[in-house]
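Working notes for the structure below.
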There are 2 protein chains.
Amino acid sequence: MKYITIKDIAKELNVAVSTVSRAFNDKYDIKPETRDRILKKAGEMGYRPNPIARKLVQQRSFNIGIIIPEFENSFFPQVIMGAQEILYQHNYQVLIMQSNESVDLEIQNAKTLVDNMVDGLIISLSGVGDNLSYYKVLTEKKMPLVFFNRVPENIETSNVVFDDYKWAFFATEHLIHQGFKDILFISGANELILSKNRRRGYDDAHKKHRIPIGKKITCGFSMQDGAQIAKNLITENTIPRAILAANDACAIGMIRVFKDSGFKIPEDIAIVGFSETKMAAHISPTLTSVEQPTYEIGKAAAQLLLEQLQNKGIHIPQTIVLNGRLNVRESSMKV
Amino acid sequence: MKYITIKDIAKELNVAVSTVSRAFNDKYDIKPETRDRILKKAGEMGYRPNPIARKLVQQRSFNIGIIIPEFENSFFPQVIMGAQEILYQHNYQVLIMQSNESVDLEIQNAKTLVDNMVDGLIISLSGVGDNLSYYKVLTEKKMPLVFFNRVPENIETSNVVFDDYKWAFFATEHLIHQGFKDILFISGANELILSKNRRRGYDDAHKKHRIPIGKKITCGFSMQDGAQIAKNLITENTIPRAILAANDACAIGMIRVFKDSGFKIPEDIAIVGFSETKMAAHISPTLTSVEQPTYEIGKAAAQLLLEQLQNKGIHIPQTIVLNGRLNVRESSMKV
DNA sequence: AAAATTTCCGAAAACGTTTTCGGAAACGTT
DNA sequence: AACGTTTCCGAAAACGTTTTCGGAAATTTT
């Protein structure tokens, strides 16, 4: 690929490269007339500024990196769309990388993006490990950082989270109201704050209604993970009356296994998902699920990042807690 | 952010920057001993090469751009994972951009990636318009390009496609075998080759079985698009006995509307999806769908791109046609 | 009309690398 | 011991921009 450069234009018009540069950046020491002449010529020649060179000299890129654990569920893509909307408005480009639920790959992704001089990073953790110490280094170096959904503890930076405590509480209470007492709790990875918060919500709902707290199992966020847990439950013959699942994918995986084994949902086992996906309203039975405002999460994260980018010096870490709602459907109804 | 550079290391060790550079690139005119000394020091200082600077001088980036129309359906994410697997093995990083089904945004994305000196581009079209002429320019400039799934006509470059003709034929034939004669065909945007191929497959299946060819409707690839079409059919009272949908999302959107209006699937209306999503096996009724080898599509696209990158000079456009299969489930069964 | 100010632009350095060229030092050959 | 090779490394140019500095030209002020 042969790229047309500022030099080509300069030569063509017999001006200095600095003048051409000025024409594009519209700093105010160029005669409007020459600016137009240059812009016109540049247009004719099909010139496009080289962002690589610009990054090198300006030490900034107008790029924002977004790192997500996976994008097979529509949750993260939707968050990204929200973030993009805001960032595009402020002339930032968005580079997306996915870590495939691997902490190592996540670190690698983060480093790649930093090497490429992104101006800031929006991250959802794939897990908890070495990555945190790297993020600490980054915050010390004043790299603007915003976490969302799966956020770290003990790092002084901005977060966008869902009120997992509250909605786990409500979801559990909903099941209790339906008359179910033996409720199994399926949580995501234990180190994640969101898991801890949901656990508290689950526990507190039991306490409020004076019901002995049920069993808890740790599980991943995929359909396969859910299916595996369901199989285990069946072989161990420890099937609960109701289940609060880690997310919709997990719930759906469980439902399939249960149905295949002849159990009826919700007659034999009631189930509630989390982070409502599009599937929830379409599967059979329709799935009760806690809905998260995905788009808003992305927007909020982008806005927090923009704030950090604007007040370069001082940055007061903020945590935005977003609200959700419980969509009650067939899968959790008393019969 | 303060970055540690090659100069810092050079100063620290009293060597020239070129020597440090050599240590990293392991061109063979450096003494192993000094190389190790430099590498050790660099490690201690936490140095990481700046890819921006490298890109500028080498005029290549070891980055590959992938442009997709959307990523709410898991189809494109899966393709990306396949491509990533291959590209990572060859030390390429992957930059993902999504066009939100907009041709304009797609062009913008492509230009951004080109400006950022990606070494090649893997693209699925959001539509057909000005983008094609830009891609023609790119091929003339020898930018390695591979299209997949939604590919352009009349551009001399490599493609990875699904055998849409064959599988639309089989899907239609399946419906005919079930005894349905009045089969509605829902196609994606008309300009897309895949739509044309599927149309031919649909037509030929009718011809083979001497059945008059049914009605065709053009539709988008989203759940909403499907829902809208279904509503129209109901108000116009032109409901067919069977439907071959543009994709699973579209099919699911239709099914919901039909069910809400009291129709039974498949008793009243049979339906077949396309590009099997994870939902197909979990919705009610389970959805018959043509399964595409998403992961393989990504891998194949990556491999075609690597070939172009390796034989820089000559490039013989190739088209890889991948095979699929029809997963027959409840939604298309005769009762 | 001279002086002071402003407007505009060119030259050159800088960003962090790679790469080419040449030369010093070390080695091998006669 | 003189020469030819090879090994290793430093100096400097290059990539395409932005930015600083200074100065010429144009304009305003006296």
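So that the names make sense, note that chain A is the first sequence line, chain B the second, and so on, each numbered from 1. Side-chain atoms are counted along with the backbone in the values below, which use heavy atoms only and exclude waters and symmetry mates.
Annotation: the terminal axes of the helix from C/dA1-D/dT30 to C/dT30-D/dA1 meet at 50°, where each axis is the rotation carrying the C1' atoms of four end pairs onto the next four (5 pairs per end, rounded to 10°).
Spacing between atom CD1 of A/Ile6 and atom C1' of D/dG16 amounts to 7 Å, rounded to whole angstrom units. If you take CG of A/Asp115 and C1' of C/dT17, they are 13 Å apart, rounded to a whole angstrom. Following rounding to the nearest Å, B/Asp8 (CG) and C/dG16 (P) show an atom-to-atom distance of 8 Å. Distance CD1 (A/Ile9) to C1' (D/dT17): 12 Å, rounded to an integer number of Å. If you take CZ of A/Phe24 and P of D/dT17, they are 9 Å apart, rounded to a whole angstrom. Straight-line distance from the CD1 atom of B/Ile52 to the C1' atom of D/dT18: 15 Å, rounded to whole Å. Atoms CD1 (A/Ile4) and P (D/dT17) sit 10 Å apart, rounded to a whole Å. Summarising the geometry, the separation between CD1 on A/Ile38 and P on D/dT17 is reported as 13 Å, rounded to the nearest angstrom.
Checked against side-chain contact (heavy atoms from CB on, under 4.5 Å), A/Asp29 has the following partners two or more places apart in sequence or in another chain: A/Arg22, A/Lys27. Partners of B/Lys40 under the salt bridge (Lys or Arg N to Asp or Glu O under 4.0 Å) rule, at least two apart in sequence or in another chain, are B/Glu44.
One finds the OH atom of A/Tyr92 at 10.0 Å from the CG atom of A/Asn63 (value rounded to the nearest 0.5 Å). Between the CD1 atom in A/Ile107 and the OG atom in A/Ser133 there is a gap of 7.0 Å [rounded to 0.5 Å].
DNA chain C lies under 4.0 Å from no heavy atom of any residue of residues 41-49 of chain A.
Note on ring orientation: taking the six-membered ring where Trp is involved, the planes of A/Phe71 and B/Phe71 are tilted (angle from 30° to 60°).
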Exercise for the section: Check step by step if salt bridge (charged side-chain N to carboxylate O under 4.0 Å, His left out) holds for A/Glu101 and A/Arg150. Expected result: CA-CA 12 Å; A/Glu101 299 284 2; A/Arg150 308 205 205 155; 3.0 Å; yes
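Annotation: A/Tyr47 is not in aromatic contact with A/Tyr3 [ring centroid separation under 6.0 Å not met].
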Give every donor-acceptor pair under 3.5 Å between a side-chain atom in residues 73-81 of chain A and any protein atom, sequence neighbours left out.
| unit_1 | atom_1 | unit_2 | atom_2 | d |
| --- | --- | --- | --- | --- |
| A/Asn73 | ND2 | A/Glu70 | OE2 | 3.1 |
| A/Gln78 | OE1 | A/Thr294 | OG1 | 2.7 |
| A/Gln78 | NE2 | B/Glu72 | OE1 | 3.0 |

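Counting heavy atoms of neighbouring residues, nucleotides and ligands inside a 6.0 Å radius, atom CD of A/Glu156 does not exceed 12 of them.
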Exercise for the section: Quick one, give me the B/S/- string for nucleotides 5-15 of chain C, reading 5' to 3', where B means a protein heavy atom under 4.0 Å from the base and S means that only happens at the primed atoms, P, OP1 or OP2. Expected result: ---BBBBB--B
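Between the side chain of B/Glu12 and the main chain of B/Lys41, no donor-acceptor pair closer than 3.5 Å is present.
Checking A/Lys55, A/Arg60, A/Lys142 one by one against A/Asp119, the salt bridge (Lys or Arg N to Asp or Glu O under 4.0 Å) holds for a single residue, A/Arg60.
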